[in-house]
Amino acid sequence: MSESKTKSDHNHHHRGKSSEIFLDKNKILANLPIVPSQVILDAGCGNGYMAKEFAKLTGKMGKVYALDPDTVSIDILRTETVGTNIEAFIGDITKQTELTTSSIDLVYISTVIHGFSGTQMAGFVNEVKRLLKSNGKLAIVEIKKEDTPFGPPLNMRFSPEELRTIIDLNPTQLVEVGEYFYMQLFGK
Ligand SMILES: C[S@@+](CC[C@H](N)C(=O)[O-])C[C@H]1O[C@@H](n2cnc3c(N)ncnc32)[C@H](O)[C@@H]1O
């Protein structure tokens with residue numbers, strides 16, 4: 001990625017923001033290879049609305065980890081998900097998390113990485129590679145790198161082509177998931 005893209009560019013705030021109303025949730029779910037008993041990580045889960053969908057699909061034998069550095073979001077999600085297969089915890093996906101190596105079938109990360117510096121992006125890729133099982137998948141949902149009525153400055157965004165260059169996993173599908181968003185999938 002461009003070295004000129006630094007954390008100091010990150011002058012917008014995520015707290016309390018969700019892309020939920022702009023994303024085509026059904027299209028996202030239809031294009032994710034989720035089956036019962038899987039283990040999924042929703043990295044940067046925010047209010048956890050997708051973690052809750054993943055929990056329905058993975059079922060009682062599955063597990064959904066919902067990670068976010070925002071303590072308020074995690075506290076609320078923990079309260080809401082008591083007794084479910086969702087485990088919400090505070091963490092940073094750009095660093096090594098408390099999760100076990102090769103334990104995750106799918107890492108899902110939606111509208112989070114545009115805030116990452118080059119160092120954070122490298123840390124994120126390392127951690128995803130550590131966490132994924134050999135047949136695991138990574139799904140990145142991001143805002144398109146074009147004029148949109150909202151969203152971060154264009155120089156903070158990644159096009160799918162840029163992601164495919166930066167992330168040394170095997171790109172598979174690219175899907176439009178709402179007027180302003182795409183989902184790029186990768187295999188290990
Ligand atoms: C725009 S919100 C998106 C929330 C949710 N994924 C969605 O699609 O609505 C970005 C989220 O990423 C979280 N976040 C920011 N930096 C992160 C990091 N290094 N690791 C994990 N989550 C992070 C923020 O706390 C925030 O909840």
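Any value given below was found using the heavy atoms of this structure, including those in side chains, with hydrogens, waters and symmetry copies removed. Whatever order the structure lists them in is the order used to number ligands and atoms, beginning at 1. Here, residue 1 is the first one in the sequence, and each next residue gets the next number.
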*May I ask you to check whether S110 has an N/O atom sitting below 3.5 Å from an N/O atom of ligand 1?*
yes

*Taking it one step at a time, do N47 and S73 satisfy side-chain contact (heavy atoms from CB on, under 4.5 Å)?*
CA-CA 6 Å; N47 67 15; S73 302; over 6 Å; no

*Taking N or O atoms only and a 3.5 Å limit, does S19 qualify as a polar contact for ligand 1?*
yes

*Compare every heavy atom of R157 with every heavy atom of K144, then report the nearest pair and how far apart it is.*
O-NH1, 2.8 Å

*Should one rank V112, I143, T111 by closest heavy-atom distance to atom 3 (C) of ligand 1, which comes out on top?*
T111

*Derivation of the side-chain contact (heavy atoms from CB on, under 4.5 Å) call for L185 and L138*: CA-CA 6 Å; L185 290 163; L138 166 67; over 6 Å; no

*asked:* Under 3.5 Å between any N/O of G44 and any N/O of ligand 1: does that happen in this structure?
replied: yes

_Ligand-side contact atoms (ligand 1) for residue partner D92, heavy atom cut-off under 4.0 Å_ = 18 (C), 19 (N), 20 (N)

_Where L77 and A66 come nearest, the two heavy atoms and their spacing_ = CD2-CB, 3.7 Å

*Assess G115 for proximity to ligand 1: is some non-hydrogen atom of it under 4.0 Å away?*
no

*Do Y108 and I34 come close enough that some side-chain heavy atom pair is under 4.5 Å?*
no

*Contact between F116 and ligand 1, counting heavy atoms under 4.0 Å?*
yes

*asked:* Distance under 4.0 Å to a non-hydrogen atom of T94: what atoms of ligand 1 satisfy this?
replied: 19 (N)

*Does any N/O atom on D42 come nearer than 3.5 Å to any N/O atom on ligand 1?*
no

*Show the numbers, then the answer: is there a side-chain contact (heavy atoms from CB on, under 4.5 Å) between I113 and E142?*
CA-CA 8 Å; I113 63 163; E142 267 304 320; 3.4 Å; yes

*asked:* Checking the side chain of D105 only, and the main-chain atoms of V39 only, is there a donor and an acceptor separated by less than 3.5 Å?
replied: yes

*For ligand 1, find out whether one of its N or O atoms is nearer than 3.5 Å to an N or O atom of I93.*
yes

*Looking only at heavy atoms, what is the nearest atom pair of I143 and G151, with distance?*
CD1-CA, 4.0 Å

*Could you tell me whether ligand 1 has any atom less than 4.0 Å away from a heavy atom of S73?*
no

*Please answer whether the main-chain N or O of S102 pairs with a side-chain N or O of R130 as donor and acceptor at a distance below 3.5 Å.*
no

*Which is it for Y49 and ligand 1 at heavy atoms under 4.0 Å: side chain, backbone, both or neither?*
side chain

_Side chain, backbone, both or neither: the part of L67 lying under 4.0 Å from ligand 1 by heavy atom_ = side chain

